[in-house]
Amino acid sequence: MLPDLPNAEEGEVRMRVAPNPNGPWHIGHARMAAVVGTYKELYDGTFICRFDDTDPETKRPDLDAYDQILDAIEYLGFEPDEVLRASDRVETYYDHARDLIDAGGAYTCSCPAEEFSELKNDGEPCPHRDKSPETVHEEFTGMVDGEYDSGEMVLRVKTDISHKNPALRDFVGFRMIDTPHPRPEASDYRCWPMLDFQSGIDDHLTGVTHIIRGIDLQDSAKKQRFVYDYFDWEYPEVIHWGHVQVDAYDVPMSTSTIAELIEDGELDGWDDPRAPTLASLRRRGIRGEALVEAMTGLGMSTSNVDLAMSTVYANNLQLIDDETDRAFFVRNGDDAVELSVSGGPTTASVPVHPDHEDRGTRELPATGGVFVESADLPAVGDRVWLKGYGCVRHTEDGLVYTDDSLDVTREEGVDIVHWVPADEAVPLRMRTPDGDVSGYAEPGVADYDPDDLLQFERVGFVRIDATGEEYVAYYTHS
RNA sequence: GCUCGGUUGGUGUAGUCCGGCCAAUCAUUUUGCCCUUUCGAGGCGAAGACCAGGGUUCAAAUCCCUGACCGAGCACCA
């Protein structure tokens with residue numbers, strides 16, 4: 001399904017996911033883990049999870065997100081062989097910065113950002129470029145010791161000030177950040193590496209052989225090659241891919257936007273069924289495997305791609321259909337119609353799973369009246385087939401058993417519908433990506449536990465979420 | 001503006017390096033029929049694509065040129 005990796009050898013492939021832990025993962029984040037995890041299996045390789053948490057301010061890490069992301073990877077069916085936090089490795093980055101200074105590959109610069117930008121765009125070096133290594137060391141030590149405030153001093157990597165791509169000219173390697181890092185272990189650092197520096201160093205030090213990253217980082221490799229050249233390191237294979245969009249959601253796939261909607265109370269949390277997050281898919285009972293299959297099917301193109309949730313749902317259906325028990329659920333709690341049934345058997349018998357007789361049957365009493373969905377109720381005088389019970393006619397006095405044979409459903413167009421015994425119905429709230437639906441489930445649903453999957457016949461699959469005081473199910477898909 | 005990258009059915013993808021076996025693969029989607037006490041699953045069909053225009057060639061999705069369109073980067077974000 002996935003293309004071969006260039007220059008990859010069995011057992012030698014090392015890849016990493018490098019999330020910024022500034023929130024739980026949305027569906028788009030799953031792509032990297034899905035692909036890295038799948039390549040790990042393909043090549044018997046190594047899966048590294050490295051938290052690139054080097055910006056305590058603009059992309060401030062969320063202390064809960066580290067574990068939430070690891071949970072998300074586990075949900076997808078993978079386990080990282082190594083877990084690293086960049087904020088644990090700051091001294092290592094300092095060491096390499098000093099080596100780079102020794103090699104003449106970096107200089108401290110106190111130009112205001114805008115001023116440097118103008119010089120850079122004109123291909124002009126700034127006055128700090130030719131400082132002696134001693135001065136640079138001294139000033140860099142000052143940065144490490146926190147002697148400068150944010151914006152006062154940076155360490156630039158010396159590249160080519162007239163490089164034809166302005167983006168690559170003497171980029172910033174380290175800068176000052178006044179805000180302490182949220183992790184206590186890292187809260188004393190004020191001098192932080194930029195992604196391009198930190199990531200480049202770490203990829204080499206952790207033996208990463210193949211890098212996958214977004215097309216937005218396509219200049220990163222070019223920047224990092226300058227550093228690699230100074231150190232005489234060999235750059236890993238790198239693949240860039242486009243952005244993923246997911247259809248079927250009103251909420252945009254953006255960590256910060258979802259966080260805001262939760263903050264404002266528009267979403268109940270990261271696992272709200274309306275949120276395009278992994279926590280949400282998980283709570284809806286969708287297998288991580290179904291998502292991994294869909295993600296790896298997207299390939300590695302540099303074009304932007306749309307992931308159709310229908311593909312995920314179709315994959316999931318294959319995974320769960322056979323093992324999932326059936327049950328009845330009548331939607332529209334207030335709108336459902338309660339009717340008496342007369343003249344027929346006292347109970348109905350319906351298979352737990354149509355393809356597996358050995359799993360037994362569900363016995364549903366019909367004597368205490370039934371709920372049917374208003375849309376399923378035929379006009380007075382017409383018939384409908386209550387699944388597992390038999391044919392009934394809608395009369396002024398409720399539903400009256402007709403003793404017709406099943407042939408009427410085929411030959412006379414009588415619909416077969418689901419229904420629920422009224423006096424033993426279990427009120428249940430079904431949460432869906434389009435909002436909540438209340439209704440009544442058949443009594444046997446009370447015997448299932450949270451996390452169990454059911455198919456509500458003619459409605460769709462659900463995952464039982466809560467039982468007891470209130471029954472809640474999360475809608476999986478049709 | 002400068003620097004990169006891309007464009008195969010509604011969606012995703014295979015094929016493009018090394019032109020012919022591609023009247024284009026697989027999945028999803030939509031849809032017809034069969035089966036079925038679910039609008040599910042299953043079975044058998046159907047629909048639907050090589051961005052455009054030139055060129056090279058016996059032969060082009062594939063090579064070349066031009067153009068259009070889409071996207072990314074040009075941060076003391078990741």
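Letters A, B, ... mirror the listed sequences (proteins, then strands); counts begin at 1.
One atom, NE2 of His29(A), and another, P of A78(B), lie 15 Å apart when rounded to the nearest Å. Across the protein-nucleic acid pair, Asp160(A) atom CG and U3(B) atom C1' stand 14 Å apart, rounded to whole Å. Rounded to whole Å, atom P of A78(B) lies 12 Å from atom OH of Tyr93(A). Rounding to whole angstrom units, CH2 of residue Trp25(A) and P of A78(B) are separated by 18 Å. The separation between Glu293(A) atom CD and G12(B) atom P is 19 Å, rounded to whole Å. If you take CZ of Arg213(A) and P of G5(B), they are 16 Å apart, rounded to a whole angstrom. To the nearest angstrom, C1' of A41(B) lies 14 Å from CG of Leu319(A). Summarising the geometry, the separation between NZ on Lys222(A) and C1' on A72(B) is reported as 10 Å, rounded to the nearest angstrom.
Note that Lys131(A) lies outside the cation-pi zone of Tyr107(A), set by a 6.0 Å cut-off to the ring centre and a 45° limit from the axis. Arg463(A) forms no cation-pi arrangement with Tyr448(A), by the criterion of a distance under 6.0 Å to the ring centre and an angle within 45° of the ring axis.
G48(B) sits 16 Å from U31(B) when the P atoms are compared, rounded to a whole Å. U25(B) and C18(B) are spaced 25 Å apart, taking the P atom of each and rounding to whole Å. C51(B) sits 23 Å from A27(B) when the P atoms are compared, rounded to a whole Å. C63(B) and G6(B) are spaced 12 Å apart, taking the P atom of each and rounding to whole Å. For A41(B) and U28(B), the P atoms lie 10 Å apart once the distance is rounded to whole Å. Separation of the P atoms belonging to G5(B) and C64(B) is 14 Å when rounded to the nearest angstrom. For the P atoms, the distance linking C17(B) with C22(B) amounts to 16 Å, nearest Å. Rounded to a whole angstrom, the distance from the P atom of A46(B) to that of A52(B) is 26 Å.
The shortest heavy-atom contact between Thr296(A) and Leu2(A) is O-CD1, 3.3 Å.
When base pairs are accepted only as Watson-Crick or G-U wobble with both N-N or N-O distances under 3.5 Å, RNA chain B takes part in stems of 3 or more pairs at B:1-7 with B:68-74, B:10-12 with B:26-28, B:29-34 with B:42-47, B:51-55 with B:63-67.
Aromatic pair Tyr440(A)/Phe328(A): centroids not less than 6.0 angstrom apart. Taking the ring centroids of Phe197(A) and Tyr93(A), they lie at or beyond the 6.0 Å cut-off. Centroid-to-centroid, the aromatic rings of His26(A) and Trp270(A) stay 6.0 Å apart or farther.
Atom CG of Asp407(A) is surrounded by more than 12 heavy atoms from other residues, nucleotides or ligands within 6.0 Å. The environment of Glu114(A) atom CD is sparse: at most 12 non-hydrogen atoms of other residues, nucleotides or ligands sit within 6.0 angstrom.
Of the residues Arg156(A), Arg129(A), Lys158(A), Lys120(A), the one that meets the salt bridge (charged side-chain N to carboxylate O under 4.0 Å, His left out) test with Asp170(A) is Arg129(A). The side chain to side chain contact (heavy atoms under 4.5 Å, CB included) test with Arg383(A) is passed by exactly one of Val392(A), Asp404(A), Asp415(A): Asp404(A).
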Which atom pairs link the protein and nucleotides 73-77 of chain B when you take only N or O atoms and keep those under 3.5 Å?
from: G73(B); atom 1: O2'; to: Asp219(A); atom 2: OD2; distance (Å): 2.6
from: C74(B); atom 1: O3'; to: Lys120(A); atom 2: NZ; distance (Å): 3.3
from: C74(B); atom 1: O2'; to: Lys120(A); atom 2: NZ; distance (Å): 3.4
from: A75(B); atom 1: OP2; to: Lys120(A); atom 2: NZ; distance (Å): 3.2
from: C76(B); atom 1: N3; to: Gly151(A); atom 2: O; distance (Å): 3.4
from: C76(B); atom 1: N4; to: Cys111(A); atom 2: O; distance (Å): 2.9
from: C76(B); atom 1: N4; to: Gly151(A); atom 2: O; distance (Å): 3.1
from: C77(B); atom 1: OP2; to: Arg175(A); atom 2: NE; distance (Å): 2.6
from: C77(B); atom 1: OP2; to: Arg175(A); atom 2: NH2; distance (Å): 3.1
from: C77(B); atom 1: O3'; to: Asp55(A); atom 2: OD2; distance (Å): 3.4
from: C77(B); atom 1: O3'; to: Arg175(A); atom 2: NH2; distance (Å): 3.2
from: C77(B); atom 1: O2'; to: Asp55(A); atom 2: OD2; distance (Å): 2.9
from: C77(B); atom 1: O2; to: Lys59(A); atom 2: NZ; distance (Å): 2.5

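Residues that satisfy the side-chain hydrogen bond (donor to acceptor under 3.5 Å, both in side chains) test with Glu289(A), not counting sequence neighbours, are absent from this structure.
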note = With B for base contact, S for sugar-phosphate-only contact and - for none (protein heavy atoms under 4.0 Å), nucleotides 26-39 of chain B reads --SS-------BBB
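With 3.5 Å as the limit, one finds a donor-acceptor pair spanning the side chains of His418(A) and Arg458(A). Side chains of Arg183(A) and Ser87(A): a donor on one and an acceptor on the other come within 3.5 Å.
Evaluation of the salt bridge (charged side-chain N to carboxylate O under 4.0 Å, His left out) test over residues 47-70 of chain A, restricted to residues two or more places apart or in two chains, returns Arg50(A)-Asp52(A), Arg50(A)-Asp202(A), Arg50(A)-Asp203(A).
Taking the charged nitrogens against the carboxylate oxygens, Arg331(A) and Glu373(A) do have a contact shorter than 4.0 Å, which makes a salt bridge.
Near RNA chain B, meaning a heavy atom under 4.0 Å away, the residues from residues 298-305 of chain A are Leu298(A), Ser301(A), Thr302(A), Ser303(A), Asn304(A), Val305(A).
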